[in-house]
Amino acid sequence: MTRYGYACISQLTQLTTNHSCQLKSVTPDKLRSLIEQNINDLESILKHNLEHGWLLFRIGSSFIPFGSHPVNTLNWQEEYAESLMAIGTFVRTHDMRLMMHPGQYTVLNSPDLLTVQRAIAELQYSANVLDSMNLDQQHKIVIHVGGVYGDKASAATRFIEQVLLLPIAIRRRLTIEHEEHAYNLKDVVAISCQTGLPVVYDNLHFDANPTVEPLEELLPEVFAGWKAEDGVSEVHFSSQAVGERRGTHAEFADPYEFYKVIEQCSRIGDFDLMLEAKGKDEALERVLTDSE
DNA sequence: CCGCGTCAAGTTCAT
DNA sequence: ATGAACTTGACGCGG
């Protein structure tokens with residue numbers, strides 16, 4: 001049974017796990033109040049999602065604002081241990097799944113060592129969030145491979161080397177997603193073979209940056225990369241915004257494409273589907289209702 | 001109180 | 001060479 005979800009913000013309830021502030025206005029108490037807001041809103045979102053039967057959710061990267069930045073000196077894992085643990089219990093009770101997706105600044109394969117260190121810190125923070133909820137390794141962190149720097153092969157090798165050096169607490173949660181510019185699905189599957197990291201398939205990225213091989217050939221390999229302890233394969237779906245830049249997410253999901261992707265994936269195995277639409281849960285509600 | 005300029009970070013691409 | 005765009009708003013200052 002495929003589970004569905006969306007990222008970071010609930011349009012229907014106007015709740016978000018993204019409350020943050022600007023660096024210069026950070027104080028410990030400001031951070032505490034934002035964290036409390038994010039925790040409260042996450043609880044409310046998960047309840048709202050459960051009522052609709054949506055069991056997947058992506059937590060925003062600023063759930064703990066500046067979570068990987070030295071300016072955040074809080075021991076938030078201890079301070080909020082109880083409520084974070086309660087969220088984890090709720091998630092497990094209802095067979096939900098949480099993910100995180102660090103932004104474009106998280107570049108593991110950068111030639112700049114400081115950038116790599118910051119990326120590792122961001123991944124460590126993301127893993128800490130999921131750990132603090134006592135969630136197992138099916139609750140994933142999704143990243144892209146990173147930059148090319150004029151030499152894709154050595155940039156990919158650098159990525160692989162960095163992944164193999166990561167602490168297991170991070171690596172066990174890590175998954176890699178292909179994207180619309182550089183690393184296509186084939187590239188990422190090859191990197192998956194070298195690292196053991198499962199691959200997230202994304203229909204819009206595939207359309208924008210296709211492989212020589214047909215999708216039907218690669219998808220079984222993608223699904224096979226998800227081991228029992230990783231949970232079922234995670235798939236991202238979005239529709240192209242008409243008239244916008246290639247790769248821009250549409251407000252809503254095109255039902256025809258949506259059910260085509262579901263049908264394609266269903267033939268291979270079990271999977272979970274994240275809808276990446278500007279309309280968030282409203283888009284999910286709409287496209288799932290359309291089918292009935 | 002409202003509106004608009006600005007926001008940690010890296011990389012790529014368009015101008 | 002410069003700056004916008006990206007996962008995408010949300011904050012916060014000035015009026």
Side-chain angles (χ1 to χ4, degrees), chain A residues 5-11 13-27 30-31 33-35 37-38 41 45 56-73 98-126 140-152 154-156 158-159 162 175-184 200 202 204-205 208-209 234 236-241 243-252 274-283:
Chain A
Y6 58 97
C8 307
I9 295 163
S10 163
Q11 196 83 257
T13 61
Q14 293 296 306
L15 295 165
T16 147
T17 60
N18 266 341
H19 300 287
S20 189
C21 66
Q22 296 178 7
L23 179 60
K24 61 188 175 196
S25 60
V26 165
T27 64
K30 176 86 184 170
L31 291 175
S33 122
L34 290 164
I35 292 169
Q37 250 184 307
N38 285 332
D41 283 5
I45 286 173
L56 258 49
F57 187 68
R58 181 187 302 162
I59 300 173
S61 293
S62 52
F63 180 65
I64 305 295
F66 301 95
S68 68
H69 191 288
V71 79
N72 186 337
T73 57
L98 298 181
M99 296 95 176
M100 299 191 70
H101 191 358
Q104 70 271 34
Y105 301 110
T106 302
V107 188
L108 259 190
N109 74 341
S110 174
D112 174 15
L113 195 59
L114 196 59
T115 301
V116 176
Q117 281 171 0
R118 282 195 279 249
I120 295 169
E122 181 70 17
L123 295 177
Q124 182 66 66
Y125 146 70
S126 305
K140 293 297 189 189
I141 301 166
V142 184
I143 57 166
H144 299 289
V145 177
V148 171
Y149 314 95
D151 181 352
K152 197 157 148 187
S154 63
R158 225 164 33 243
F159 178 86
Q162 285 301 335
T175 65
I176 38 177
E177 182 180 1
H178 56 123
E179 28 79 14
E180 62 201 77
H181 297 298
Y183 298 91
N184 66 23
V200 173
D202 181 307
L204 193 63
H205 293 161
N209 187 9
E234 179 184 339
H236 290 178
F237 177 87
S238 58
S239 296
Q240 170 69 43
E244 298 287 325
R245 258 191 62 265
R246 195 161 176 73
T248 302
H249 294 157
E251 189 71 29
F252 296 106
M274 283 286 296
L275 176 62
E276 295 184 320
K278 295 212 171 104
K280 305 291 180 183
D281 49 345
E282 195 182 340

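By convention in this document, chain letters (A, B, ...) are assigned in the order of the sequence lines, proteins followed by strands, and residues within each chain are numbered from 1. Every heavy atom of this structure was used, including side-chain atoms; hydrogens, water molecules and symmetry mates were not.
Under the salt bridge (charged side-chain N to carboxylate O under 4.0 Å, His left out) criterion, A:Glu180 pairs with A:Arg245, not counting sequence neighbours. For A:Ser239, the side-chain hydrogen bond (donor to acceptor under 3.5 Å, both in side chains) criterion is met by A:Glu257, not counting sequence neighbours. For A:His236, there are no ring-ring contact (aromatic ring centres under 6.0 Å, His included) partners, not counting sequence neighbours. A:Phe57 is linked by a ring-ring contact (aromatic ring centres under 6.0 Å, His included) to A:Tyr6, counting only residues two or more places apart in sequence or in another chain. Under the rule for a side-chain hydrogen bond (donor to acceptor under 3.5 Å, both in side chains), the partners of A:Gln124 that lie at least two apart in sequence or sit in another chain are A:Asn128. Under the side-chain hydrogen bond (donor to acceptor under 3.5 Å, both in side chains) criterion, A:Ser154 pairs with A:Asp151, sequence neighbours left out. By the side-chain hydrogen bond (donor to acceptor under 3.5 Å, both in side chains) test, A:Arg158 pairs with no residue at all, sequence neighbours left out. Residues meeting the salt bridge (charged side-chain N to carboxylate O under 4.0 Å, His left out) test with A:Lys152, sequence neighbours left out: A:Asp187. Applying the salt bridge (charged side-chain N to carboxylate O under 4.0 Å, His left out) test to A:Glu276 and every residue at least two apart in sequence or in another chain returns A:Arg58.
C:dA1 sits 22 Å from B:dA9 when the C1' atoms are compared, rounded to a whole Å. The same atom, C1', is picked in C:dC11 and in B:dG10; the two are 23 Å apart, to the nearest Å. B:dG3 and C:dT7 have their P atoms separated by 29 Å, with the value rounded to a whole Å. Taking the P atoms as reference points, B:dC1 lies 32 Å from C:dT8, given to the whole Å. C:dA4 and B:dG5 have their P atoms separated by 13 Å, with the value rounded to a whole Å. Comparing B:dC13 with C:dG9, their C1' atoms sit 23 Å apart, to the nearest whole Å.
In this model, no donor atom of one side chain and acceptor atom of the other lie less than 3.5 Å apart for A:His178 and A:Asn209.
Positionally, the nearest nucleotide of DNA chain C for A:Ala277 lies more toward the 5' end than for the other of A:His19 and A:Ala277.
Base-pairing analysis of DNA chain C finds the following stems of at least three consecutive Watson-Crick or G-U pairs, with both pairing distances under 3.5 Å: B:1-7 with C:9-15, B:10-15 with C:1-6.
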ask   = Can you give one letter per nucleotide of nucleotides 7-15 of chain B, going 5' to 3': B for a protein heavy atom under 4.0 Å from the base, S for sugar-phosphate only, - for none?
value = SBBBSS---
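Results of the side-chain contact (heavy atoms from CB on, under 4.5 Å) test with A:Gln117 over A:Leu114, A:Thr115, A:Ile120 single out A:Leu114 as the only residue that passes.
A nucleotide of DNA chain C counts as in contact with chain A when one of its atoms lies under 4.0 Å from a heavy atom; the first and last such, 5' to 3', are C:dA5 to C:dG12.
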